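None of these values were measured; they are calculated from a predicted model.
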Amino acid sequence: MEQVDSVIIISDTEGDNEDETSVFIVEDSPEALDTSKDKSTVVIDEECGLAITYSKKGNVMPHARYDCVEQDFTRTENEVSGPTGSNLNFCDQCYCYICDKLASECQYWNLPSFCHCNAHNKSKYWKAHRDVALTGALSVFNFDLVDIDSELRHGGALLQTFCLELALEYNNYMMGIITSRSSLIPCICSCHNQFKIFCEMCQMNHVEIRLYSYTPVFNVVNKFLHQTEKEKPKTAAIMMIGVAKEILLHKQPPQEVFNKNDQTSTPSQAVPIFMHRITSALQRMLVLNDFPAYLFNKLKTFYKSLVLPSYCFIFTNSLNVLSWEDPFLTSILRGQNITGQRQKKGRKETFWEDFPVVHARVERMEAREEYRELVRYLRVIKCNDTLKLRALRDKVPFYFSKYGDFNSAAQSFHLSSSLTCCIACRLTPYQYKVYLKILRTGTVPAGCELSDSGQWVPVEGGKLLKSCILLKCSLRILFVNAVLYRDVHCWSRLIQIHCNYFLMEADVLQVPPAGFVKNTAILAASVLEDLKSGIVGLPKPFSSVLHREASLILVTMAAAQMLVKNISMMKLVLPLIVAYGKNFWALKLLFDSLSTKEEILHNFCAILSSNIYIHRSMMIDVVKCHDANYVSDLVTLFLSFEQTTVQSLSIPVLNVLVEEWHEFKTKEHLWIQSLHSFLQTKVVPAMEMVNTAQFVELRNKLNRIL
């Protein structure tokens with residue numbers, strides 16, 4: 001019989017009708033087979049309205065086995081025990097529906113329990129198997145094929161390889177190792193020295209037992225989790241949640257283990273360790289990465305479907321992470337919800353998240369410079385680790401400053417109703433000094449760290465804090481924080497701030513009238529007591545024309561009170577002296593305040609004298625920063641006091657000056673000349689009036705260099 005050539009057309013659509021075939025056969029017309037006829041002749045079927053203008057011999061195209069026209073196919077729902085009908089047969093172009101390979105290359109074509117030859121597109125069973133074959137380990141997540149990108153596919157491939165390795169190691173664990181009980185507890189029975197067999201007393205110590213160690217499984221999982229940390233976020237997320245699915249299924253045999261104290265020896269000890277690591281990492285990924293909504297929801301849904309053993313119940317809701325688009329979260333970030341609570345189905349719901357989620361949100365908002373939203377978030381959030389959350393909240397004044405709300409920053413130090421548990425009482429001396437600089441200058445560190453080093457930038461739109469508010473805030477912080485209160489560097493920075501040290505203005509304030517200084521100093525005592533009690537009002541002198549001078553007087557009196565209380569514990573006071581710069585009238589006020597108690601003044605001068613020698617580099621740097629009049633005015637101030645203890649402070653200052661004279665030779669000639677003139681006209685004559693041995697020796701040194 002002559003063979004008839006046909007054209008095979010494969011339909012791209014899969015209909016619901018099982019009787020409908022997806023392959024159509026267009027037979028060659030007799031006219032087309034007749035080569036004697038012109039192939040361009042038009043043949044018209046008037047009834048169907050079909051015109052054939054050209055035809056050629058067709059080729060059989062690749063097709064699924066169930067669409068083959070050469071071999072019959074019998075459809076069944078889930079037959080895997082063996083080939084059905086003639087499904088085993090195939091043509092050269094038949095492909096396996098499951099493997100997407102030629103039928104001749106399929107390893108499971110007629111293998112019992114698989115039988116891919118029976119697979120077809122009308123069976124839910126075979127469709128599910130095909131999805132598994134196409135998506136690998138990703139099939140358990142129920143992803144749509146269009147949603148699986150290269151990252152997810154790579155994660156699925158790595159996860160599938162890991163599952164095979166893990167299954168092998170877990171099987172070895174479940175088989176255990178047969179050994180003698182004496183390998184765990186050495187037998188000390190005397191029968192071992194007398195007989196070759198065990199006596200009835202110790203026979204049980206030599207019974208064979210089966211021991212189990214989960215440690216090899218632990219090592220396999222640990223190695224894979226280390227690998228996930230090097231992958232891209234999507235890949236790592238799939239790998240980690242896949243690991244969680246596998247290890248949660250691991251059981252613990254009831255028999256003994258090698259080492260009960262080893263946390264890796266049993267699943268009940270090792271799995272919680274892994275779950276904490278996995279859930280913490282997944283929480284950070286869901287917050288820090290802009291996962292598509294389908295992936296975000298699939299990961300959460302899949303995690304909820306996992307069956308947790310009793311020792312992992314604590315991780316039940318670990319992946320209940322709100323997306324950034326969640327209405328509850330967005331209402332808080334926009335300032336619409338300032339309580340962190342809402343009514344849901346008649347019940348009050350409080351905004352609560354695990355600490356890894358909180359930390360990740362803070363990290364992301366810092367990176368995006370969303371400081372206003374960050375403050376709103378930290379004010380209402382609750383979490384499982386209150387101490388770590390408190391550490392994050394302690395940066396709220398810094399975040400206020402980052403977007404220019406310096407008034408709120410100053411207030412936030414004392415937001416707590418109790419002054420003993422506010423942000424102020426936890427500040428370190430370094431943080432205090434940085435905050436003083438921020439609030440005084442209206443500038444902030446360029447990054448997200450509270451650091452005095454590096455670049456500082458002005459805040460766009462920020463309004464500089466009023467000096468009276470800065471004064472009250474800075475002093476109240478010192479009063480509630482004992483560590484800061486005793487730190488001389490904090491006081492020296494506060495004095496510098498009120499001497500305009502960080503501003504472009506001159507750092508020398510005008511000398512106020514003596515009556516103003518006296519009256520303000522008397523008034524300062526009651527003001528300081530009010531500030532310690534939480535009363536933050538300031539009297540009229542602090543808002544007058546001389547408000548800057550009044551502020552420096554108040555700070556000086558507060559520093560004097562601190563010295564009176566803590567002088568016995570102090571070893572360094574020189575920074576206080578140099579902080580005043582050339583505001584000698586305020587420095588004189590400090591000495592006058594201490595002179596009311598002779599013992600306090602004597603101890604203070606003794607410490608200061610020692611500091612000048614020990615920290616002479618600090619003294620030299622201060623002298624270099626000012627003109628020659630600084631030295632003359634400082635020495636003159638010391639010599640102007642009636643107390644010999646204060647007068648004697650000029651000796652270490654001049655001694656250091658003479659001993660380090662070579663340090664000043666680089667200064668301009670006028671500077672040296674002015675210093676020479678001062679020493680000749682004022683210092684040397686003044687010393688001739690004092691005949692103590694120290695002054696005589698110093699006078700001789702000065703005469704030699706002059």
Side-chain angles (χ1 to χ4, degrees), residues 1-29 32-33 48 50 52 55-150 152-153 156-157 159-160 163-164 294 298:
M1 182 177 178
E2 186 178 357
Q3 183 177 357
V4 178
D5 294 326
S6 303
V7 177
I8 308 299
I9 300 176
I10 303 177
S11 172
D12 292 333
T13 61
E14 296 182 355
D16 296 331
N17 189 353
E18 295 185 1
D19 297 329
E20 182 182 335
T21 180
S22 59
V23 177
F24 303 92
I25 304 173
V26 180
E27 296 183 352
D28 290 333
S29 64
L33 293 173
C48 300
L50 177 65
I52 300 177
S55 63
K56 63 178 289 186
K57 183 178 180 180
N59 297 321
V60 178
M61 303 299 291
H63 54 268
R65 170 63 186 87
Y66 57 83
D67 279 338
C68 185
V69 297
E70 294 186 9
Q71 303 290 341
D72 292 335
F73 184 81
T74 303
R75 298 179 186 270
T76 57
E77 175 59 29
N78 55 1
E79 180 58 53
V80 293
S81 59
T84 302
S86 60
N87 293 355
L88 179 63
N89 303 326
F90 53 83
C91 71
D92 293 340
Q93 295 298 326
C94 280
Y95 268 68
C96 174
Y97 176 65
I98 304 298
C99 303
D100 268 346
K101 299 178 181 178
L102 283 170
S104 58
E105 298 177 0
C106 176
Q107 301 176 359
Y108 309 101
W109 187 249
N110 60 344
L111 188 66
S113 299
F114 293 95
C115 279
H116 286 185
C117 62
N118 294 332
H120 60 92
N121 63 341
K122 306 300 182 186
S123 167
K124 293 182 180 180
Y125 174 82
W126 289 115
K127 277 187 176 182
H129 271 265
R130 176 176 170 82
D131 290 343
V132 171
L134 290 176
T135 60
L138 298 178
S139 60
V140 297
F141 300 100
N142 297 322
F143 287 125
D144 294 332
L145 293 179
V146 294
D147 294 333
I148 300 178
D149 57 16
S150 58
L152 294 178
R153 195 176 297 278
L159 181 59
Q160 195 165 13
C163 289
L164 295 175
Y294 74 87
K298 288 283 187 183

Please give me the minimum heavy-atom distance between Trp126 and Phe114, naming the atom from each residue.
CH2-O, 3.0 Å

Are any side-chain N or O atoms of His63 and backbone N or O atoms of Met61, one a donor and one an acceptor, separated by less than 3.5 Å?
yes

Using a 4.5 Å cut-off on heavy atoms from C-beta on, say whether the side chain of Lys122 contacts that of Glu77.
no

Main-chain N/O of Thr76 paired with His120 side-chain donor or acceptor, under 3.5 Å
yes

To the nearest 0.5 Å, atom SG of Cys115 lies from atom CG of Leu111 at 7.0 Å

Within the 4.5 Å heavy-atom criterion, are His116 and Cys99 side-chain neighbours or not?
yes

To the nearest 0.5 Å, what is the distance between OH (Tyr97) and SG (Cys117)?
15.0 Å

Give a yes or no answer on whether the side chain of Lys298 reaches the backbone of Asn142 with a donor-acceptor pair at less than 3.5 Å.
yes

Of the non-hydrogen atoms in Gln93 and Val60, which two are nearest, and what is the gap between them?
CG-O, 3.6 Å

In a table with atom names and distances, give each donor-acceptor pair under 3.5 Å that connects a side chain of residues 78-92 to protein atoms at least two apart or in another chain.
| unit_1 | atom_1 | unit_2 | atom_2 | d |
| --- | --- | --- | --- | --- |
| Glu79 | OE2 | Ser81 | N | 3.0 |
| Glu79 | OE2 | Ser81 | OG | 2.1 |
| Ser86 | OG | Asp72 | O | 3.0 |
| Asn87 | OD1 | Thr74 | N | 2.8 |
| Asn87 | ND2 | Thr74 | O | 2.9 |
| Asn87 | ND2 | Thr84 | O | 3.2 |
| Asn87 | ND2 | Asn118 | OD1 | 3.0 |

Of all residues at least two apart in sequence or in a different chain, which pass the salt bridge (Lys or Arg N to Asp or Glu O under 4.0 Å) check with Arg130?
Asp100

I need the Phe141 CZ to Asp147 CG distance, nearest 0.5 Å.
13.5 Å

To the nearest 0.5 Å, how far apart are SG in Cys94 and CZ in Phe73?
10.0 Å

